[in-house]
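One structure is given here, and the rest of the page talks about it.
Chain letters run A, B, ... following the sequence lines, proteins first, then strands; residues in each count from 1.
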Amino acid sequence: MKMFWALYRKELKGLRNIFLTLLGLILGIDVLLATRINSWGYWQAFGLTFLPLAFLIFWGIFRPLSLIRSEWKEGTAPFLRSLPVSGWSMIGAKLLAAFTEWVGLNLAALALSGLFYAAAPLCGANWVTLSDLPPLGEVIKFLTLSIANPILGIFLGAVIFQLAYLLGRLVNRFSGMVSFAATVFLFYLTSKGSEFLARLLSSFPGLSLEAPRLIDIEFVFSFSTVMLFVMLIEFAILFSVTGWLVEKKLEY
Amino acid sequence: MTFPAVKLEKVVKRYPLTKALDGVSLTVDQGKVVGLLGHNGSGKTTLMKIIAGLKNPTSGEVRVFGMAPGVETKKRVAYLPEVNTYYNWMTIDELLNFVKAFHPDLNLEKAALLKTFMNLKGGEKIGSLSKGQQARLKLVVGLSRQADLMLLDEPLAGIDPPSRARVLHALVGEFRQEGQTILISTHEVKEAEPIFDHVVFLREGRKVLEGEAETLRAETGHSMEELFGEVLE
């Protein structure tokens, strides 16, 4: 594990400059929105503070790919692979470092949105009263699923892009085309796999994909839980394959 | 049981359009300094990378200290490629600490001595180093370790001619670990000749001559440099 953490720390150090740049960008957007409250209205400006979160989902998916790609682009892959660590550690450290960066940026964006919200009375708007919120149990369940699902989606998307890129590195020529084709194929394969696994899991008690006439919160929870397990299984499979590729098949 | 440092059996490495190695068999005994000699494209780098576990042979068998190349052999091998493969954003000291996390055999005190010897400063960013300094940095990293096998791919490339003798002396002299096996690929035969115990000549992926340096010199009456010209031209 010591070696894994050394790899992880190395990745984090390498991310530092871009992380700080993005942090500055998010702060800049919020400052800009704060100056627009009078012309756009408080709630519109507040809603727009969540815009960086949408962008960060894509960032979270592409970041591990860029970390892998840079090893080849900058010619550091042979050094990395000459270290006595497994391919899974190498890929895992990159995923975890990118995820840490993603969490950091999200927390910063949410904290700034929180500050924005805290200042609502100063801008002539009122806070939402607690009685307007659904029961606490449902809020917690909703938040858990709505956080866990995007996170797993990001991990899954990230590992698909990583694997597709590395498949392209298996050939000496047309590696870009091979990576592109592999990306399309892997997304197709994953979606088919999702269908199969979702059907399989929905046969478990308490998990149903049968949509009621009126979509209720229970169905949303059930659907999200099934998708959570589906993505977890698919991620585990693709991560294993990617690590095996780095370990046994790729050349440097 | 003592295994040879490296044992290759009919190793072939084929690419779609070329054959980089064509049935190379080789045994490198522990504790020897072996010169892998050949022109550019003769297969030296491919052979080094296969031993380092960075490339897979198309066919044939590779054993490093009796094991197939992998995580376990990488713990005992220091591979120093010809080009700079280190992270440009790291400083020299950051790199040494990073390598130490994977190779506890790296001696930071020895590294400090080597940095002075090679005229490098720990706080310098790798990206700002000249080609010659990067070449010397590789040797600092490699020689700071107590690696059982050191693979040096063109270690003199980028090092200015007046410093080469000094660097080679350091390599096999004061900074060498006792019993360490060194495999050096080079086409700078004249300068490296005095340090070889054993030499292997490669041409177009084939081994064309191999033997103890002293014996070859006595038998042929030629220096390694002359043999290089004779055998490989």
Subject >> Donor-acceptor pair between A/Glu71 and B/Tyr87 side chains, under 3.5 angstrom >> reply: yes
Original post:
Heavy-atom distance under 4.5 Å to chain B: side chain of A/Leu7, backbone, both or neither?
Top reply: both
Subject >> Salt bridge present between A/Arg81 and A/Glu247 (N-O < 4.0 angstrom) >> reply: yes
Original post:
Would you call the rings of A/Phe161 and A/Phe62 parallel, tilted or perpendicular if under 30° counts as parallel and over 60° as perpendicular?
Top reply: tilted
**OP:** Of all the heavy-atom pairs spanning B/Lys75 and A/Pro84, show the shortest one and how long it is.
**Re:** CG-CB, 3.6 Å
Subject >> chain A contact residues among residues 119-153 of chain B, heavy-atom distance under 4.5 Å >> reply: none
Subject >> Donor-acceptor pair between A/Trp59 and A/Glu101 side chains, under 3.5 angstrom >> reply: yes
Original post:
Does anything in residues 10-26 of chain A get under 4.5 Å of chain B by heavy atoms, and if so which residues?
Top reply: A/Lys10, A/Lys13, A/Gly14
Original post:
When the ring centroid of A/Phe99 is compared with that of A/Tyr8, is the distance short of 6.0 Å?
Top reply: no
Subject >> Segment of B/Glu72 engaging chain A (4.5 angstrom heavy-atom cut-off) >> reply: neither
Original post:
Quick one: does NZ or CZ of B/Arg63 land under 6.0 Å from the six-membered ring centre of B/Phe3, within 45 degrees of the ring axis?
Top reply: no
**OP:** Tabulate, in ascending numerical order, the residues of residues 95-103 of chain B having at least one heavy atom closer than 4.5 Å to a heavy atom of chain A, or enter 'none'.
**Re:** B/Leu95, B/Phe98, B/Val99, B/Ala101, B/Phe102, B/His103
**OP:** Considering only heavy atoms, give the residues of residues 232-243 of chain A separated from chain B by less than 4.5 Å, sorted numerically, with 'none' for an empty result.
**Re:** none
Original post:
Is there a side-chain contact between B/Ile184 and B/Leu36, using heavy atoms and a 4.5 Å cut-off?
Top reply: no
**OP:** Evaluate the ring planes of A/Phe50 and A/Phe46, with Trp represented by its six-membered ring, and classify them as parallel (under 30°), tilted (30 to 60°) or perpendicular (over 60°).
**Re:** perpendicular
